[in-house]
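These notes concern the structure reproduced below.
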Amino acid sequence: MEISSRYNPSQIEEKWYSYWMEKSYFHSEPDERKPFTIVIPPPNVTGVLHMGHILNNTIQDILIRRARMQGYNACWVPGTDHASIATEAKVVHMLKEKGISKKDISREEFMHYAWQWKEKHGGIILQQLKRLGISCDWDRLSFTMDEALSESVTAVFVDLYRKGYIYRGIRMVNWDPKALTAVSDEEVIYKEVQSHLYYLRYRVEGSEQDYISIATTRPETLLGDTAVCVHPDDPRYQHFLGRRVIVPLVNRSVPVIADTYVDRDFGTGALKITPAHDINDYQLGIKYKLESINIFNDDGTLNEFAGLLVGMDRFEARKAILPLLEEAQLLIKVENYVHKVGYSERTQEVIEPKLSRQWFCDMAALARPALEVVMNDEVRFFPDKFKNTYAHWVENVKDWCISRQLWWGHRIPAYYLPNQEVVVAASQEEAYHLARERFPELDIRISDLQQEEDVLDTWFSSWLWPITVFDGMRYPDNDDIRYYYPTSVLITAPDIIFFWVARMIMAGMEWRGEIPFRDVYFTGMVRDHLGRKMSKSLGNSPDPIALMDTYGTDGIRMGMLLSAPAGNDLMFDESLCEQGRNFNNKIWNALRLIKGWKVDDKLSIPAHANIAVEWFDARFNQVLAEIDDAFQKYRLSDALMSVYKLIWDDFCACFLEIVKPPYQQAVDAVTYQAACTNLGRLMQVLHPFMPFITEEVWHLLYGEEKGDIIVSSMPQVLTFDASIIETFVFSMEVVEQIRRIRTEKNIAQKHSLELYLSPRQQQAMFEEVVIKLCNLSKIQRVDTKPTATLSFMLHTQEFFIPFGETLDVEEEKRKLQEEMQYLEGFLDKVEKKLSNQAFVENAPEKVVEIERKKQNDARQKLSLLQQKWQDLD
RNA sequence: GAGAUAUUAGCUCAGUUGGUUUAGAGCGCUUGCUUGACAGGCAAGAGGUCACAGGUUCAAAUCCUGUAUAUCUCACCA
């Protein structure tokens with residue numbers, strides 16, 4: 001058979017992916033098997049593949065492929081979310097390029113363009129994910145604005161409204177001046193920035209010299225100031241209480257008020273109050289019934305109420321106001337100052353606190369059961385340190401601002417009546433009937449109903465995802481939801497634990513009375529090798545598609561996973577993908593070796609091969625048990641490393657090297673069969689991690705005989721003989737010693753050697769294996785030590801290799817001394833322990849026993865070494 | 001400001017309820033190899049007072065206290 005010496009993944013990957021798709025192996029329908037379900041964390045429909053997706057989806061694919069091979073009915077539901085803010089921004093941008101402004105078109109027209117955009121550009125990421133080999137049930141592809149999901153969102157809104165959880169009110173919210181919408185508290189990222197603290201002078205009304213100086217980071221907001229506040233007990237300001245001061249530049253007279261909120265030690269101890277533009281000032285404004293002057297337009301420019309700098313952007317205004325203050329001699333000084341500023345998670349724009357009417361959802365009642373199921377491990381977190389984070393948020397959960405001033409999304413099903421009242425209903429018709437019922441005297445017509453313009457937060461649909469992808473909200477008893485829900489495991493990043501994970505649990509408990517998933521596996525964040533977050537602006541993220549081209553998909557999957565312990569951030573390094581690629585090549589060449597053998601049915605299996613077959617069987621099962629254990633704990637990188645070493649070290653370096661026939665000689669049928677079987681089952685164990693090469697090798701091994709590896713049965717752990725492994729390990733230690741001697745003495749592998757050992761052998765050894773691997777002509781027991789030998793010692797067994805007359809006595813002595821020194825140190829430590837009365841009395845007998853054995857062994861070995869020393873003299 | 005988690009070899013990480021021949025892995029590094037599957041390989045080797053300082057214990061990488069550093073979460077200090 002002609003197989004190239006290098007594995008070339010590119011041709012193979014596409015072939016198998018389309019083959020699996022043709023065979024519908026990814027598709028799942030409810031049946032009598034146990035389900036294993038995952039719902040994908042829906043990527044943003046505008047998104048493109050980044051390293052985080054690679055990590056997250058590789059893990060999901062590993063779990064789902066393994067479950068499939070273990071006989072579960074595996075179902076992985078893919079999909080995307082509609083990403084209100086991001087998508088609307090894309091569409092607005094596209095329209096702008098066409099010379100169309102959003103203001104100039106109707107909502108319907110805009111939605112038309114938006115859907116067009118979505119159909120054309122949305123979901124690129126899904127195609128990219130296919131390249132990663134992920135085995136989602138593409139027939140179940142969902143989108144958060146699909147009809148079923150949209151209807152569910154509406155129904156949930158109506159339900160929560162009727163339960164009294166949803167309300168509308170005027171609040172200070174986080175305004176994104178770029179996206180022109182409110183965002184929730186969770187969507188604000190606070191970052192430390194280098195800024196300035198400006199000290200300003202507010203003249204006291206009716207006085208020529210008196211003034212109060214205040215410190216602020218936002219001098220431009222003084223245009224909206226309606227008070228100055230000091231601490232009531234601050235002696236510096238006692239005489240100003242009850243008086244009024246003049247706001248600089250606009251010359252507005254505002255009161256000096258006193259409140260304990262003020263920190264006397266910060267700045268000057270006096271605080272300017274801008275109720276319209278600061279959450280704390282807003283509270284004080286309510287408390288002291290202050291006027292609230294909104295000086296900003298929605299886009300962050302100053303409006304006519306500012307009086308000055310009208311039309312200027314808020315940051316421009318901050319700069320522009322300084323010379324004016326200076327000119328008026330009201331700017332005292334400017335200090336450097338580091339403080340935290342909130343940024344919009346979506347647009348990176350600085351958030352502007354803004355007073356506006358929004359829809360909120362009271363979360364307290366929803367949170368209670370969601371807290372309990374996590375704390376009692378009904379929903380298990382991996383790693384469980386995130387239970388703390390989760391508990392803290394859920395216990396202190398705030399009302400959720402769910403309205404967004406956008407068009408792309410689920411329009412809030414609230415209808416305003418001519419009398420300013422509002423009715424909430426799933427459709428306009430229902431709302432109409434409701435309105436007539438409630439206000440029979442008004443004689444309302446359906447055209448009088450004005451639907452709310454705002455849409456809902458995207459997360460308001462995402463939190464229903466595990467239910468709505470199975471249409472379990474509209475049809476709570478349908479076969480799918482009853483079979484697949486609760487799902488088995490959720491794989492996600494910890495940064496959306498509040499946005500998404502917590503809310504899904506709340507939704508699950510609220511509408512199905514059941515958790516949405518049993519386990520949550522939190523992946524780490526992918527960072528570069530310097531520990532920096534991967535980001536577009538830093539340009540430190542490799543292009544995932546290019547990586548797949550270079551190292552193969554299996555290679556990048558391995559590279560990603562090798563460094564990915566659950567929940568810890570991982571420093572991604574391309575060299576790990578290289579390791580993956582090299583591993584593929586290793587497997588490929590193992591296959592080439594086996595397939596290159598001539599098989600002779602007449603030959604019987606040699607003794608060394610027979611041992612190798614029996615040993616590998618035991619070893620395989622031993623490692624399989626380790627792998628199972630690792631999977632139970634979601635220690636996937638450990639599991640992969642175990643497979644890696646099983647294949648590279650145990651199968652290639654040991655098994656194949658032992659059974660390999662000499663050049664151009666045939667192999668017996670039993671050995672050949674065993675080699676094929678072993679490689680085959682190794683491919684099965686590896687398949688979830690590296691789907692492509694394993695399917696390819698499987699077919700090259702078995703043709704069509706055993707079907708496809710993707711749907712084959714995962715090997716199960718069988719009992720194994722541990723003593724074989726023990727003997728083998730010792731044999732390999734002997735092999736290593738002989739190899740070391742060969743290297744040290746520069747003895748070529750071609751040159752065969754003899755091995756002698758003293759008859760007092762304690763540890764069993766597979767002599768045939770040692771002979772084969774070390775090119776020995778014989779192994780022989782002798783009573784007396786042969787002359788002119790090299791020697792080594794393992795445990796308390798001494799080995800000799802007769803070799804020439806070139807023994808370097810001094811060198812030999814030096815080594816002996818080194819070894820003796822080590823042993824003496826060791827013995828000293830052990831004996832110190834044993835001579836400690838308290839240790840012998842208190843430690844468990846087993847532990848003391850071990851120490852005694854250590855002592856004995858060390859003494860014995862030492863005396864042997866001393867003997868050797870004497871012999872050298 | 002409060003809390004959580006971490007700190008083990010050059011790098012990335014294991015190390016289970018304290019005790020298993022004076023700490024393990026992968027990569028990297030050093031040395032030697034055209035070894036008839038693989039140089040994307042083979043063989044051998046070097047490399048760590050387990051962040052620091054105390055304490056508990058017969059026994060500490062492991063438990064406790066403090067310090068330092070890092071990351072994350074929360075918090076209204078202008």
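Sequence lines set the chain letters: A, B, ... in the order given, protein chains first and strands last, and positions in each chain run from 1.
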Check every nucleotide of RNA chain B for an atom under 4.0 Å from a heavy-atom of chain A, then give the first and the last such nucleotide from 5' to 3'. B:A4 to B:A78

Tell me, which pairs form a side chain to side chain donor-acceptor pair (under 3.5 Å) where one or both residues lie in residues 391-400 of chain A, sequence neighbours left out? A:Y167-A:D399, A:E186-A:W393, A:W400-A:D457

Distance check, P atoms only: B:A25 and B:G15, in whole angstrom units. 15 Å

Using a cut-off of 4.0 Å on non-hydrogen atoms, how would the nucleic acid contact of A:D263 be classed: base, sugar-phosphate, or nothing? base

A:E186 or A:L271: which one's nearest nucleotide on RNA chain B is closer to the 5' end? A:E186

Considering only atom C1', compute the distance from B:U16 to B:C33 and round it to an integer number of Å. 41 Å

A:Y644 near the nucleic acid: base, sugar-phosphate alone, or nothing, with a heavy-atom cut-off under 4.0 Å? sugar-phosphate

Who are the side-chain contact (heavy atoms from CB on, under 4.5 Å) partners of A:R592, not counting sequence neighbours? A:I3, A:S5, A:W588, A:N589

Please work out if A:Q749 contacts a base, only the sugar-phosphate, or nothing of the nucleic acid, heavy-atom cut-off 4.0 Å. nothing

Can you sort out the partners of A:E192 under side-chain contact (heavy atoms from CB on, under 4.5 Å), two or more places apart, ordered by chain and number? A:V338, A:K340

What interatomic distance, in whole Å, is found between C1' of B:U67 and the corresponding atom of B:U30? 39 Å

At 4.0 Å (heavy atoms only), tell me whether A:D569 reaches a base, stays on the sugar-phosphate, or touches nothing. sugar-phosphate

Applying the side-chain hydrogen bond (donor to acceptor under 3.5 Å, both in side chains) criterion to A:Y551, which one of A:E578, A:E574, A:R557, A:R581 satisfies it? A:E574

Scan A:N836 against the nucleic acid and name what it touches under 4.0 Å (heavy atoms): base, sugar-phosphate only, or nothing. sugar-phosphate

List for me each residue that meets side-chain contact (heavy atoms from CB on, under 4.5 Å) alongside A:D384, sequence neighbours excluded, and say none if there are none. A:K387

Need one value for A:E845: base, sugar-phosphate or nothing, where a base atom within 4.0 Å counts as base even if backbone is also close, heavy atoms only. nothing

Could you go through residues 818-826 of chain A and list every donor-acceptor pair under 3.5 Å that involves a side-chain atom there, pairing it with any protein atom two or more places apart or in another chain?
from: A:E818; atom 1: OE2; to: A:R814; atom 2: NH1; distance (Å): 3.3

Rounding to the closest angstrom, what is the interatomic distance between B:U71 and B:A9 at atom C1'? 23 Å

What's A:K645 touching, base or sugar-phosphate or nothing? Going by heavy atoms closer than 4.0 Å. sugar-phosphate

Residues in residues 855-865 of chain A with a heavy atom under 4.0 Å of RNA chain B, by number, are A:D857

Could you tell me how far B:A51 sits from B:U57 if I compare only their C1' atoms? Round to whole Å. 23 Å

Classify the angle between the aromatic ring planes of A:F386 and A:F522 as parallel (below 30°), tilted (30 to 60°) or perpendicular (above 60°). tilted

Comparing nearest nucleotides in RNA chain B, the 5'-proximal residue of the pair A:R635, A:W393 is A:R635

Taking atom C1' in both B:G28 and B:G3, compute the distance separating them and give it to the nearest angstrom. 38 Å

For A:Y261, answer base if it contacts any base atom (sugar-phosphate contacts may also be present), sugar-phosphate if it contacts only those atoms, and nothing otherwise; contact means non-hydrogen atoms under 4.0 Å. base

Going by the rule side chain to side chain donor-acceptor pair (under 3.5 Å), which residues pair with A:D185 if we only count those two or more places apart in sequence or in a different chain? A:N174

Quick one: which of A:R859, A:R852, A:K854 gives a side chain to side chain contact (heavy atoms under 4.5 Å, CB included) with A:V830? A:K854

The criterion is side chain to side chain donor-acceptor pair (under 3.5 Å); which residues satisfy it with A:D263, sequence neighbours excluded? none

Have a look at A:K750 and say if it touches a base, only the backbone sugar-phosphate, or nothing, with a 4.0 Å heavy-atom cut-off. nothing

How is A:Q837 classified with respect to the nucleic acid when contacts are heavy atoms under 4.0 Å: base, sugar-phosphate, or nothing? nothing

At 4.0 Å (heavy atoms only), tell me whether A:Y337 reaches a base, stays on the sugar-phosphate, or touches nothing. sugar-phosphate

What does the 5'-to-3' dot-bracket notation of RNA chain B look like when only Watson-Crick and G-U wobble pairs under 3.5 Å count, and pairs to other strands show as |? (((((((..((((.....[....)))).(((((.......))))).....(((((..]....))))))))))))....

Please measure how far the P atom in B:C63 lies from the corresponding atom in B:C11, and state the result in whole Å. 24 Å

At under 4.0 Å between heavy atoms, what does A:R592 touch on the DNA or RNA strands: base, sugar-phosphate, or nothing? sugar-phosphate

Which part of the nucleic acid, if any, lies within reach of A:P494 when heavy atoms closer than 4.0 Å are counted: base, sugar-phosphate only, or nothing? nothing

Please round to the nearest 0.5 Å and tell me the distance separating atom OH of A:Y282 and atom OG of A:S292. 8.0 Å

With sequence neighbours excluded, residues passing ring pair (Phe, Tyr, Trp, His ring centres under 6.0 Å) with A:F689: A:F631

Scan A:C652 against the nucleic acid and name what it touches under 4.0 Å (heavy atoms): base, sugar-phosphate only, or nothing. base

When the P atoms of B:U34 and B:G24 are considered, how many whole Å apart are they? 33 Å

Identify, with sequence neighbours excluded, every residue that meets side-chain contact (heavy atoms from CB on, under 4.5 Å) alongside A:R527. A:M525, A:K533, A:D569, A:M571

